[in-house]
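Data first, discussion second: the structure below is written as structure tokens.
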Amino acid sequence: MEHILLEKQVRPHVSLIRLNRPQQLNALNLQLMSELRDTIQELDQDQDTHVIVVTGDEKAFAAGADIKQMEGKSSVDMLKIDQFNTWDQIRKTKKPIIAAVSGFALGGGCELAMTCDMIIASESAKFGQPEIKIGTMPGAGGTQRLTRALGKAKAMELVLTGDFLSAEEALSRGLVNKIVPVEIYLEEAFELAARIAAMPPISVQLAKESVNQAFEVGLSQGLVFERKNFYLTFSTEDQKEGMNAFIEKRKPNFRGK
Ligand code: CAA
């Protein structure tokens, strides 16, 4: 792989993916996105990985889809390439993905961070959908996810002006989980990942799927979905172990079964 770096076991059962086009502020060209999709799909099948962290570097998580690659394209070219299909495939990942964001998370970069399940941001993080300034608009979920996260008024403002949202504002509006100094944002993401990686993996998967249903369906359907997944956890050995350990006042030993 040319534009992706993979490190396994940065913490027990935690794998790290780095977007690696620093000279281009990690702009998301087609090759990078397909490498990212392939790596995430591989980790989703990897028994030793329970949680995935995706990061860029201190200056940029990613400054958007690659403008140089898109510039001369027609609508028909874009339709045929259908580049956002890779985002859809990443969205289907069963294991939790944490985005560790520092610097620019713009356009497709902001959309990629929002496609992840949680965001740990450095104090320098800047989120935005500046596509309007280059004659287009968000295409990888920005108008939908940003609106759900920030509410209509602020999302509309950002999408129509291209202004950036500071890390602090992103935190106060619930877009990110936590902001920390730039020196430790990756460590902080690892800590969160490690805590989740120590939980029973099948319950984690079913719980993630259930939370995500809240964005897809109405309350009644969502409650039914959640309840079935709850009952399903009672087929796992980890549920027996977890409840038994609680009663015996000992630490559970989860085995992902
Ligand atoms: N695509 C391609 N190249 C990019 C890029 C992008 N999205 N963002 C930055 N780069 C490149 C620059 O062209 C430059 O390359 P060269 O050295 O070869 O000229 C290099 O990265 C460094 O960038 P700057 O010199 O511009 O750095 P800066 O610190 O002065 O500015 C910035 C940083 C404000 C983020 C600025 O680079 C910028 O505005 N980038 C574009 C942001 C943007 O519009 N993103 C949306 C893209 S479209 C999209 O994402 C559609 C979608 O919905 C998926």
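Residues take their numbers from the sequence shown, with the count starting at 1. All values reported here derive from a predicted model rather than from experimental measurement. Both counts, for ligands and for their atoms, begin at 1 and track the order of listing.
In terms of polar-atom proximity, defined here as any N/O pair under 3.5 Å, F84 makes no such contact with ligand 1. Polar contact with ligand 1: present for A63 (N/O pair, distance under 3.5 Å). The N/O atoms of M70, backbone and side chain alike, include none that comes under 3.5 Å of an N/O atom in ligand 1. Checked by distance only, ligand 1 and E131 come closer than 3.5 Å through their nitrogen or oxygen atoms. Where the criterion is an N or O separation shorter than 3.5 Å, residue side chain and backbone included, A65 meets it with respect to ligand 1. Below 3.5 Å of separation, one finds no N or O of L106 facing any N or O of ligand 1.
Residue nearest to atom 33 (C) of ligand 1, selected from L25, T143, D66: L25 (by heavy-atom distance).
At the shortest separation from atom 15 (O) of ligand 1 among protein heavy atoms lies K68 NZ, 3.1 Å.
Under the 4.5 Å side-chain heavy-atom criterion for ILVMFWY residues, a single connected hydrophobic cluster contains both I90 and L6.
Of all the heavy atoms of E111, the ones lying under 4.0 Å from any atom of ligand 1 belong exclusively to the side chain.
At a distance under 4.0 Å, no protein heavy atom can be found next to atom 39 (O) of ligand 1.
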Stepwise salt bridge (charged side-chain N to carboxylate O under 4.0 Å, His left out) check, K154 with E157
CA-CA 5 Å; K154 195 68 189 175; E157 182 187 329; 3.3 Å; yes
Could you go through D117 and K208, starting from their C-alpha distance and side-chain angles, then the distance that decides it, and tell me whether this counts as salt bridge (charged side-chain N to carboxylate O under 4.0 Å, His left out)?
CA-CA 8 Å; D117 300 303; K208 164 176 166 164; 2.8 Å; yes
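Between the side chain of E7 and the backbone N or O of L16 there is no donor-acceptor pair closer than 3.5 Å.
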